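Structure first, commentary second.
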Amino acid sequence: MNGGVVVLASGTGSLFQAILDSEIGPMVCCLVTDVPDCGAVEIARSAGIPVQTVTLTGRLSRDDWNRDLVTAVARWNPALIVSAGFMRILGPLFVDAFPNRIINSHPALLPEFPGAHAVRDALKAGVTRTGCTIHFVDHGVDTGPIIVQESVEIEPHDTEAELHERIKAVERVLLPATIKQLLQSN
Ligand code: GRF
């Protein structure tokens, strides 16, 4: 076991950057992405972190993609796999390959507002408070055991982008701190 951290990301990568900039940055051994030209890939390249790209397009099946994802991650034998803005649902094939080793950061107070549009859904629902959740990944969509949550107030005229940015500011602190704790308790 190399005890490192594999990060999964497919977006701008600001959470990935926050992990790299934190105390546990040196533990990150690889970025795995499904989007070859996303911001997270640029961040990895500048930081000299290996990138493995496993795209979904052109595949026979999701199982096929999940199998390749398992291969890409397993070669690092990581202590922890961190989904930090990875926008695909991880299938049972992947989840079962790494029991209790996959965590996800989600921009809402689960079980409220699971899914890909959590910030928009919170605004639409008219709640006054949302936040972020770090949880273990299970077979459901954002349903796994919750590790930690932090709330964020919704301001009266918040746009989705403004609110999401304030949530991400919290995630950028909470996610590296949670990874550190989990690695220490391993
Ligand atoms: C975060 O809000 C994360 O919870 C969600 O996607 C966002 C990733 O942001 N799943 P970034 O690409 O790291 O800036």
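Counting convention: from 1, in listed order, for ligands and their atoms alike. All values reported here derive from a predicted model rather than from experimental measurement. Keep in mind that the numbers below use all heavy atoms, side chains included, and drop hydrogens, waters and symmetry copies.
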Give me the ring orientation class for Phe86 and Trp65: parallel if the planes are under 30° apart, tilted from 30 to 60°, perpendicular past 60°. parallel

Please state which protein non-hydrogen atom is closest to atom 10 (N) of ligand 1 and give its distance, to 0.1 Å? Ser105 O, 3.6 Å

For residues Ser10 and Arg88, is any side-chain donor paired with an opposing acceptor at under 3.5 Å? no

Is Met87 in polar range of ligand 1, meaning some N or O pair under 3.5 Å apart? no

Between the candidates His164, Lys168, His106, Glu171, which shows the shortest non-hydrogen contact distance to atom 4 (O) of ligand 1? Glu171

May I ask you to identify the nearest protein heavy atom to atom 6 (O) of ligand 1, giving residue, atom name and distance to one decimal place in Å? Gly85 CA, 3.6 Å

Any N or O on Leu15 sitting closer than 3.5 Å to an N or O of ligand 1? yes

List ligand 1 atoms under 4.0 Å from Gly11, heavy atoms only on the residue side. 12 (O)

Taking NZ, NE, NH1 and NH2 as the nitrogens, is one of them in Arg59 or Asp68 under 4.0 Å from a carboxylate oxygen of the other? yes

Numbered atoms and elements of ligand 1 in range of Gly13, under 4.0 angstrom, heavy atoms: 11 (P), 12 (O), 13 (O), 14 (O)

Salt bridge check, Lys124 against Glu160: does any charged N sit closer than 4.0 Å to a carboxylate O? no

Any chance you could measure Ser83, atom OG, to Leu90, atom CG, to the nearest 0.5 Å? 6.0 Å

Please determine if Glu153 and Arg129 form a salt bridge, counting it only when a charged side-chain N lies under 4.0 Å from a carboxylate O. no

Show the atoms of ligand 1 that are less than 4.0 angstrom away from any heavy atom in Thr12. 11 (P), 12 (O), 14 (O)

